[in-house]
Amino acid sequence: MHFSAVFALVRRDLKIVSQSRGVLLPMLVVPVLSLVLLPVLAVVAPSLGDSEQATVLALSRIVDWMSVGLQDQLAGYTDLQKWVVLVLVYFLAPLYLIVPLMVASVVAADSFAGEKERKTLEALLYTPTTDAELFFGKVLAAWLPAMAVSLGSFLLYATVANWVAWPVLNRLLFPNAIWLILVFWVAPAVAAMGLSVTVLISSRVQSFQEAFQLGGFVVLPIVVLLVGQVSGVMYFSKGMVALLGLGFWLIDAALLVIGARIFRRENLLTGDPG
Amino acid sequence: MSVIRTLQLTRYFGEKAAVKDLSITIERGEIFGLLGHNGAGKTTSIRLLTGILSGHGGTMEVLGLSPEKDGPAIRARTGVLPETHALDERMTAFDTLRLHGLTFGWAPRAIPARIEEVLAAFDLSEQTHQRIRRLSKGMKQRLALARTLFHRPELIFLDEPTSALDPVARQSVHTFLTGVVQSEGATAVVCTHNLNEAQAICDRVGVLENGRLIALGTPAELIAGLSEQATRADHPVLFEVPPEEMDRACEVLKQAHSRIHVEKNSHSLRVHGVGRAQVPDVVECLVQHHIRIYAINVPPVSLTDVYMALHSPRNAGQ
């Protein structure tokens with residue numbers, strides 16, 4: 001494989017992404033909504049009720065549904081502190097994973113289906129790249145912006161979360177080991193999963209919207225994690241998060257091997273399954 | 001030396017043969033025209049020859065390589081102008097060519113000078129940093145051509161290269177293309193609906209119908225070979241005779257040649273159904289009956305006439 005060809009494709013796609021409002025907008029709006037507004041609301045919410053004390057007490061009772069391990073982690077905190085740590089460190093962690101997944105999926109959907117829609121794909125097919133270089137180039141071109149947005153989102157979230165939590169905790173919540181594993185181990189794997197699936201789908205459909213919608217099911221594992229944690233079935237301990245990342249990476253390896261094997265530029269024109 | 005050689009090349013899409021038993025040889029330095037209706041198999045042929053599609057039968061060799069095994073190597077030495085210009089409208093002309101150069105393995109330092117050169121050649125220097133969506137249709141087509149020729153390909157495939165251009169721009173593309181072929185020894189395959197264009201710039205042409213090659217040769221050979229049929233089908237031969245002899249000339253011709261149809265106008269007879277080869281017989285017949293002929297106008301046969309004759313219902317299925 002010629003890496004210069006792969007990097008040329010990556011540069012090409014990144015240039016296109018940087019010029020596309022339709023791709024850039026969701027990349028910026030979703031992190032801001034989910035990782036800035038939600039932590040602020042979560043911490044401010046208790047003071048909005050009729051009686052702040054009663055609201056805090058009610059919210060902190062959620063801790064009683066949580067697993068014993070998580071209850072141990074929260075031992076020693078006041079009710080309000082429990083609520084703040086629970087939301088900012090644990091509940092919003094799966095939601096953070098939506099960011100790399102969503103960014104990767106949007107860029108990947110644009111990478112083939114979007115190019116088909118704009119009728120620019122054919123020029124790309126006539127370049128001297130191999131099918132594998134084309135596939136890895138497209139994958140990498142979606143993964144890099146996903147990582148950049150993911151890291152930027154974490155920095156933004158950490159800043160906002162520390163700012164809103166400081167009056168309650170009198171200490172910095174971020175960075176912490178759980179989130180560092182999440183950001184540097186799990187998020188890259190989640191992004192790779194989302195884009196591998198979407199690249200394969202978008203190479204077989206005709207429009208960006210179709211690719212994005214069909215690729216939407218990759219969000220299901222994240223929803224399961226979110227529900228699992230909120231319902232107390234599981235919680236994001238360091239070991240759990242590391243294991244989760246390993247699971248995603250194994251799925252990625254399988255998807256990349258399958259993708260590289262079945263991906264043929266011929267199918268992009270004929271729409272035949274690999 | 002042949003640059004393209006195919007033997008009974010066949011490609012199906014489902015049950016339908018997009019290309020069927022295509023056998024052609026194209027020599028280095030040739031401008032070869034591939035003519036045919038939409039769906040005749042022109043674009044599929046380009047895709048097969050550049051290794052984007054695989055064949056379902058027959059053999060093919062391009063630049064001494066196999067498109068199915070050596071697609072990337074062939075594409076590195078080939079420039080393709082797709083039917084749609086395939087330009088991303090959000091990019092500038094400069095970025096489009098720069099990224100094209102990088103994808104074709106050009107050293108980043110060598111790219112700006114080449115961009116300047118090709119944009120100047122296509123009269124697009126002022127548009128270098130303009131977004132493509134702001135360019136006119138003709139400018140976009142010229143930019144797509146500039147991209148096709150950017151990496152100095154040995155073999156050029158042009159799918160409807162001048163369809164969006166005005167006559168002046170079309171002429172400049174013809175001049176540029178023939179210049180590239182002559183100066184750089186490149187070979188060009190031009191798919192076109194524009195038969196005047198094919199006649200003007202192509203050394204040889206192949207006519208495709210339903211994926212099959214139904215005619216092959218130089219435009220002159222095809223015209224000579226089919227002029228009889230083409231003339232008879234489409235154009236009357238004009239005989240200028242004295243007005244007082246016109247009625248008698250009509251009678252004579254109708255009696256002598258039952259298949260021809262004669263119309264009179266003020267100065268001449270319009271004789272339908274006469275091929276080039278029959279003109280001397282008609283003249284002899286009129287002279288024998290002492291009818292004076294002042295002038296004869298046999299309309300020249302163009303490649304368009306040949307093409308229409310080849311695709312006439314009479315030839316369908318041949």
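No hydrogens, no waters, no symmetry mates; every other heavy atom, side chains included, goes into these values. First the proteins, then the strands, lettered A, B, ... as listed; each starts at 1.
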Using heavy-atom distances under 4.5 Å, tell me whether B/Asp95 contacts chain A through its side chain, its backbone, both, or neither.
side chain
Would you tabulate the side-chain donor-acceptor contacts of residues 27-38 of chain A under 3.5 Å, counting partners in other chains and residues two or more places apart, or write 'none'?
unit_1	atom_1	unit_2	atom_2	d
A/Ser34	OG	A/Val30	O	2.8

Tell me the residues of residues 143-151 of chain A whose non-hydrogen atoms fall below 4.5 Å from those of chain B, in number order.
none
Do the side chains of A/Leu9 and B/Thr103 get nearer than 4.5 Å, heavy atoms only?
yes
Residues passing the side-chain hydrogen bond (donor to acceptor under 3.5 Å, both in side chains) test with A/Arg11, sequence neighbours excluded, are none
Is chain A contacted by the side chain of B/Arg98, its backbone, both, or neither, given a heavy-atom distance below 4.5 Å?
side chain
Smallest separation among heavy atoms of A/Arg265 and B/Ile52, with atom names:
CG-O, 4.2 Å
What is the minimum heavy-atom distance between B/Val80 and A/Tyr126, and which atoms define it?
CG1-CE1, 3.4 Å
Can you check whether A/Gln19's main-chain N or O pairs, donor with acceptor, with B/Arg90's side chain at less than 3.5 Å?
no
Quick check on B/Leu99 against chain A: is it the side chain, the backbone, both or neither that has a heavy atom closer than 4.5 Å?
side chain
Do B/Arg47 and A/Glu122 have side chains that approach each other closer than 4.5 Å (heavy atoms only, starting at C-beta)?
yes
Does the side chain of B/Asp88 come within less than 4.5 Å of A/Arg118's, by heavy atoms?
yes
Under 4.5 Å from a heavy atom of chain A, the part of B/Ser54 involved
both
By side-chain contact (heavy atoms from CB on, under 4.5 Å), which residues pair with A/Asp252, not counting sequence neighbours?
A/Ala189, A/Ala192, A/Met193, A/Trp249
